[in-house]
Amino acid sequence: MNLLDMVKEAGIVGAGGAGFPTHVKLQAKAEYILLNGAECEPLLRVDQQLMALFPDEIIKGFEAAGKFVGASKALIGIKGKHKKVVAILRERVEALQVGDFVEVRELPDIYPAGDEQVLVYELTGRVVPEAGIPIQVGCVVMNSETALNVYYASIQQPVIQTYITVAGDVPKPFTIKVPVGTPIIDILKLSGIEDFDNCAVIDGGPMMGPMMSSLDGYVTKKSKGFVILKKDHYLVRKKSVSIELAKRVNRSACEQCRMCTDMCPRYLLGHEMQPHKMMRALNYALTDVEGQKIAQLCCQCNLCELFSCPAGLYPKFANIHFKGKLAEENIRYTPKKSDFIARKSREYRLLPSKRLIARLGLSPFDKPAPMTEAEVKPEVVYISTRQHVGAPAVPIVSVGDYVEAGQKIGKIPEGSLGATIHASISGNIVEIEKDFIAIRRDEYAKSNRNG
Ligand code: SF4
Ligand code: SF4
């Protein structure tokens, strides 16, 4: 089996992103492979710790992936502020004698340093074209946890666990390894909070993560963290606004100051994304479809809504509004050129993470979230068949079957984009639905059989 087949068999998808199947990414030929270790979402602490705890595995997985895509250079991107981790990685690159190929590069502590296109620019000076992807400028990007999973795939270990940070207004922020399919509430309770009535939880980082409408969900391969805040926290109020209210506020108060555009990371890379124009189109009900198409260039980083706009408006929402409208009519933005140059003003308009964290009201919670040895042993795991971009996995087990942890339970449908899924614990299959496969842990299954 070559690396591609091993990665495909292991069910690896981009950890922490949209969950794009990694075996498909590895089919490209690239000049650079880039490791995204920026972890720019405030409070999340997974990647920086994985790189310190498993440097050899991550470097080896990353190197193997880089060689597979034919890259001539493999660049590890990590924020320079993580001095100790940078030193560990550099030392291990030397010790593993891969220094000719793998290089550690320091990133500035800005938001959103981990946006794929910002990362490509910071590490290579190349700008991904509008509406494009990194391979168009010869780059393949992978996250540090994904590189770790590539290493495990090379020793025949599929993705059955993931790392999660629980942070925010909690007594004990922490990072933990849990089986895929673990009930989220089991993890949240380890924070020291028992009663969640007065709390709101963000699924993911504070900037891009959505508010959870219920805590009944289950961890997927893409889960990276949960941020717990009081219900009356500024960020919770801001993120919980209804579409109707956002529309009303947007209509009444936009002064067209352009701050949202001037700080937009995609605009600063030389793209045409200009959220103030979307606000204008929304507020004056402009019908120029050509002008609305730039909404499709938004990466939804939320910087305009949560930092730039002095009036506290919702320019990202305006983009989403037009994106939705255009998608309904199957209208796509077409770039007018293929070469892009970052705007000269970019270097003066980068947003330091500390300023962002202060603006979000998160400074009191900007603390370490150390890796814990605590073990979560859920009685039942619910393995989603849709943890990735593409078609849902097709179950290859039946209710009543006994499965071992690591056993394949769902395959990629023939001829489709997708990812395999595996049992994250040993036990009996107790339920199969369109969206999930449930497994009851071995000891519970056994005690039930005996009882
Ligand atoms: S949305 Fe806010 S930042 Fe953008 S132009 Fe209007 S007032 Fe200015
Ligand atoms: S969310 Fe706002 S700042 Fe971010 S890319 Fe979209 S328009 Fe630009």
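Everything quoted here is computed from the prediction, not taken from an experiment. We count ligands from 1, going down the list as the structure has it; atoms in each ligand are counted the same way.
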- Where at least one partner belongs to residues 194-209, residue pairs that pass side chain to side chain donor-acceptor pair (under 3.5 Å), sequence neighbours excluded: none
- Task: Using a strict 4.0 Å cut-off to heavy atoms of Asn319, name the atoms of ligand 2 that fall inside it.
- Result: 6 (Fe), 7 (S)
- Task: Ignoring hydrogens and angles, state whether a donor on the side chain of Tyr348 or Arg343 is under 3.5 Å from an acceptor on the partner side chain.
- Result: no
- Task: Classify the angle between the aromatic ring planes of His233 and Phe365 as parallel (below 30°), tilted (30 to 60°) or perpendicular (above 60°).
- Result: tilted
- Around atom 8 (Fe) of ligand 1, how many protein N/O/S atoms fall inside 2.8 Å? 1
- Excluding waters, which protein N, O or S atoms are within less than 2.8 Å of atom 4 (Fe) of ligand 2? Cys301 SG
- Item | Ion pair Lys224/Glu145, N-O distance below 4.0 Å | yes
- Query: Charged N to carboxylate O below 4.0 Å: is that the case for Asp109 and Lys354?
  - Reply: no
- Query: Is any NZ, NE, NH1 or NH2 atom of the basic residue among Glu329 and Lys325 found under 4.0 Å from an Asp or Glu carboxylate oxygen of the other?
  - Reply: no
- Query: Is a side-chain donor-acceptor pair under 3.5 Å present for Glu130 with Tyr333?
  - Reply: yes
- Item | Under the side chain to side chain contact (heavy atoms under 4.5 Å, CB included) test, residues paired with Lys316 that sit two or more places apart | Cys298, Gln300, Asn302, Cys304, Glu305, Ile320
- Query: Would you call Glu106-Arg90 a salt bridge at under 4.0 Å N-O?
  - Reply: yes
- Message: Looking at Arg346 and Glu122, is any side-chain nitrogen of the basic one under 4.0 Å from a carboxylate oxygen of the acidic one?
- Response: yes
